[in-house]
J.: 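Sending over a structure as structure tokens; questions will come in a sec.
Just so we're on the same page: letters track the sequence lines, and every chain starts at 1. Nothing here was measured: the structure is a model prediction, and the numbers come from that model.
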Protein chains: 2
Amino acid sequence: MSEPKAKFAPLYREPAYLKVYRAIEENIIEGGLSDGEALPIEAQLCEQFQVTRSTVREGLRLLEQSGLIVRGSHKKFIVKRPNASDVAAAASRSLALGGVTFSEVWETLAIYYPQAARLAATRLNDESLAALNAVWRALDANAGEDHDKTVACAVEFFQSLAKGLDNRVMLAMLQSLNMMIGESLRQVIGKAPNARTRILNAQKNILDAFSARDEGLAEEWMAKHIADLKRGYVVAKVEMDKSIL
Amino acid sequence: MSEPKAKFAPLYREPAYLKVYRAIEENIIEGGLSDGEALPIEAQLCEQFQVTRSTVREGLRLLEQSGLIVRGSHKKFIVKRPNASDVAAAASRSLALGGVTFSEVWETLAIYYPQAARLAATRLNDESLAALNAVWRALDANAGEDHDKTVACAVEFFQSLAKGLDNRVMLAMLQSLNMMIGESLRQVIGKAPNARTRILNAQKNILDAFSARDEGLAEEWMAKHIADLKRGYVVAKVEMDKSIL
DNA sequence: AATAAACCTATTGTCGGACAATACTATTAT
DNA sequence: ATAATAGTATTGTCCGACAATAGGTTTATT
């Protein structure tokens, strides 16, 4: 019988815990369980799916890690649709783990952020502008040599910018870039002279361009800011082709 | 005793399955377990961590969902550092789940892709150009009314472009945009007249600009291409503020 | 009556053992 | 040598039990 009469595709026999995961995921996507709603307790899930708690719990771990459920009060799980920040955090973490280099990050900043600044010049509302100003003043006030604070403020500037664009797709992408900026800035901030002052000036110029609603200027200063950040790496003698981790 | 003498931060008592997850994750990051290497079997992990299989398995589910391990032969887990495509798939899925709209996606395309095209004009090597050409010819050959194929080809063009940029950060971002493009193109392709022809022409122009190494032209045609895609939505009367799902 | 202390209870976290299902290996038969 | 068979290691699932704990509820205290 080396010539079977008919060929069948192998049946997909996925483990029960995966089915549990998919079933709940599906339910969340379809809207049966809406944001903030509590999941049934484990015992009830066992009852409904007709599997044991061990199996249900493995499925819950999958949901947990995929960010679709989070712990509410008393350890109960509540449904949570992922937001841009969650996406960004997961993405930048994975990219970093994957070993992306300084130059890859920098290059992306260089082609993405100037355009984002251009958009920001027309789109940022007064509230966002005020927030950006506050961040800038915080950096200005932090005159000392507290490098961590400097990095935090510098990154926060980009974060506020990204938030003000009112676009979740961009927010996710820019935020994940921001996290990687922070990661790498931390490594050069101590070695680059006048880093804080240079950042302060650059962000001031960008801010002024935003306030004046001048797209061209915003793009230009942002481009210079990014270029200057890159110079920081060179001055600090950081190997640009090394992983950011 | 309403005046405690000292205040202590609450102790972090995280469940054992989380510790298992973190321990293995740590080991992967630190390089103890390198890419492609097999994880010890569950029984050995129990032995090492001194917990039961249920606990170990919950930890494994976390690792599984985070994409750090995948199944090898005989269901054994092997370590896998996430690559750009994995990141992109997870990110676009989460963003879609989060309810991002057509206009958010389109706006991001509009400010990101023209610049990417500019970079591509100088960076794409002959191999990448050939690949792009092949994708274009596939779309050209698909003269019929097979909309799925048309969408697949159109998206594949963007995919090839992204791959040719030789930058994993950009690749991840562009790929996740591409997936969302595909998702939304599918919804308009049938309703927009001459969609295939318009895409074909636009991509031809972009391709020619790449071949000529003309950055300006590449950016210009890409911008037109994206604008044209947006017009497709208008013509197809798609509500731009609706979720892409 | 308001507050604190003690108790109760529902739920999760972990354990240990058991067995079926299955994919890889070694052995035997042709 | 090839094919069929049996054996083995490992995962998937089940069951039942109990400890730990976050909340809620009652009781005691001033």
Side-chain angles (χ1 to χ4, degrees), chain A residues 1-5 7-25 33 36-80, chain B residues 1-5 7-25 33 36-80:
Chain A
M1 287 296 150
S2 57
E3 278 291 330
K5 303 217 171 76
K7 287 189 175 180
F8 297 101
L11 297 176
Y12 289 121
R13 273 190 309 283
E14 56 179 16
Y17 66 80
L18 249 176
K19 289 186 186 165
V20 169
Y21 166 67
R22 286 197 212 290
I24 298 178
E25 180 197 35
L33 284 162
E37 210 165 327
L39 233 54
I41 64 172
E42 291 176 358
Q44 290 173 335
L45 292 173
C46 296
E47 176 74 19
Q48 300 181 245
F49 289 121
Q50 286 294 304
V51 294
T52 52
R53 266 183 73 212
S54 322
T55 304
V56 163
R57 284 174 62 85
E58 290 188 34
L60 288 177
R61 294 294 91 79
L62 293 177
L63 285 162
E64 191 177 16
Q65 188 68 17
S66 73
L68 281 164
I69 58 178
V70 295
R71 292 200 178 282
S73 72
H74 199 175
K75 301 193 170 180
K76 280 182 73 169
F77 278 116
I78 59 180
V79 173
K80 174 165 184 305
Chain B
M1 288 294 153
S2 58
E3 279 291 332
K5 303 215 170 80
K7 286 189 175 182
F8 296 101
L11 297 177
Y12 291 121
R13 271 191 310 282
E14 57 179 15
Y17 66 79
L18 249 176
K19 289 185 187 164
V20 168
Y21 166 67
R22 286 196 212 290
I24 298 179
E25 180 198 34
L33 284 161
E37 210 165 328
L39 233 55
I41 64 172
E42 292 176 358
Q44 290 173 335
L45 292 172
C46 297
E47 175 73 19
Q48 299 180 243
F49 289 120
Q50 285 294 304
V51 294
T52 52
R53 266 185 71 212
S54 323
T55 304
V56 163
R57 285 174 62 84
E58 290 188 36
L60 288 178
R61 293 295 91 79
L62 293 176
L63 285 163
E64 191 177 14
Q65 188 66 19
S66 74
L68 282 165
I69 58 179
V70 294
R71 290 197 179 288
S73 70
H74 197 177
K75 301 192 171 180
K76 280 182 74 170
F77 280 115
I78 58 179
V79 173
K80 173 168 185 302

J.: In whole angstrom, give the distance that lies between atom CZ of Arg53(B) and atom P of dG16(C).
T.: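 Arg53(B) atom CZ is separated from dG16(C) atom P by 13 Å.
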J.: Counting only side-chain heavy atoms from C-beta out, which of dG13(C), dT10(D), dC14(D) sits nearest to Thr52(A)?
T.: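 Between dG13(C), dT10(D), dC14(D), the one nearest the side chain of Thr52(A) would be dC14(D).
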J.: Between atom CG in Leu63(B) and atom C1' in dT11(D), what is the gap in whole Å?
T.: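 Between C1' of dT11(D) and CG of Leu63(B): 16 Å.
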J.: From the set dT11(D), dG12(D), dC14(D), return the single nucleotide nearest to any side-chain atom of Ser54(A).
T.: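 Selected nucleotide (nearest to the side chain): dC14(D).
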J.: Taking CG from Leu39(B) and P from dT10(D), how many angstroms apart are they, rounded to a whole number?
T.: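 It works out to 13 Å between those atoms.
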J.: 5'-most contact on DNA chain D: Gly72(A) or Val51(A), nearest heavy atom basis?
T.: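 In this pair, the answer is Val51(A).
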J.: May I ask you to say what Thr55(B) touches in the nucleic acid, namely base, sugar-phosphate or nothing, with a heavy-atom cut-off under 4.0 Å?
T.: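 It contacts sugar-phosphate atoms only.
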J.: So Gln50(B), base contact, sugar-phosphate only, or nothing? Heavy-atom distance under 4.0 Å.
T.: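 Gln50(B): backbone/sugar contact only, no base atoms under 4.0 Å.
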J.: Phe77(A) has an atom CZ; how far is it from atom C1' of dA22(D), in whole Å?
T.: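 Roughly 15 Å, once rounded to whole Å.
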J.: Write down the distance between CZ (Arg61(B)) and C1' (dG13(C)), rounded to a whole number of angstrom.
T.: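 Between C1' of dG13(C) and CZ of Arg61(B): 17 Å.
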J.: Figure out the CG/P separation between Leu60(A) and dT11(C), and round it to whole Å.
T.: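 Distance check: Leu60(A) CG to dT11(C) P gives 14 Å.
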J.: Round to a whole Å and report the spacing from CD of Glu47(B) to P of dT10(D).
T.: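 It is 14 Å, rounded to the nearest whole Å.
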J.: What is the minimum heavy-atom distance between Ile24(A) and Phe49(A), and which atoms define it?
T.: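 Taking Ile24(A) first and Phe49(A) second, the nearest heavy atoms are CG1-CZ, 3.9 Å.
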J.: How many whole angstroms separate atom CD of Glu42(B) from atom P of dT13(D)?
T.: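 In whole Å, dT13(D) P lies 11 Å from Glu42(B) CD.
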J.: Ignoring hydrogens, what is the shortest heavy-atom contact between Val51(A) and Ala16(A)? Give both atom names and the distance.
T.: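 For Val51(A) and Ala16(A), the tightest heavy-atom pair comes out as CG1-CB, 4.4 Å.
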J.: Can you tell whether the side chains of Arg61(A) and Glu58(A) come within less than 4.0 Å, N to carboxylate O?
T.: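 Looking at Arg61(A) and Glu58(A), the cut-off is not met.
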J.: Between dT11(C), dC15(D), dT11(D), which nucleotide gets closest to the side-chain atoms of Arg57(B)?
T.: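 Of dT11(C), dC15(D), dT11(D), dT11(D) is nearest to the side chain of Arg57(B).
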J.: Can you list the steps and then say if Leu45(A) with Val20(A) is a side chain to side chain contact (heavy atoms under 4.5 Å, CB included)?
T.: CA-CA 9 Å; Leu45(A) 292 173; Val20(A) 169; over 6 Å; no
J.: If you draw a 6.0 Å radius around CD in Glu37(B), do more than 12 non-hydrogen atoms from other residues or ligands fall strictly inside?
T.: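 Correct, the count exceeds 12.
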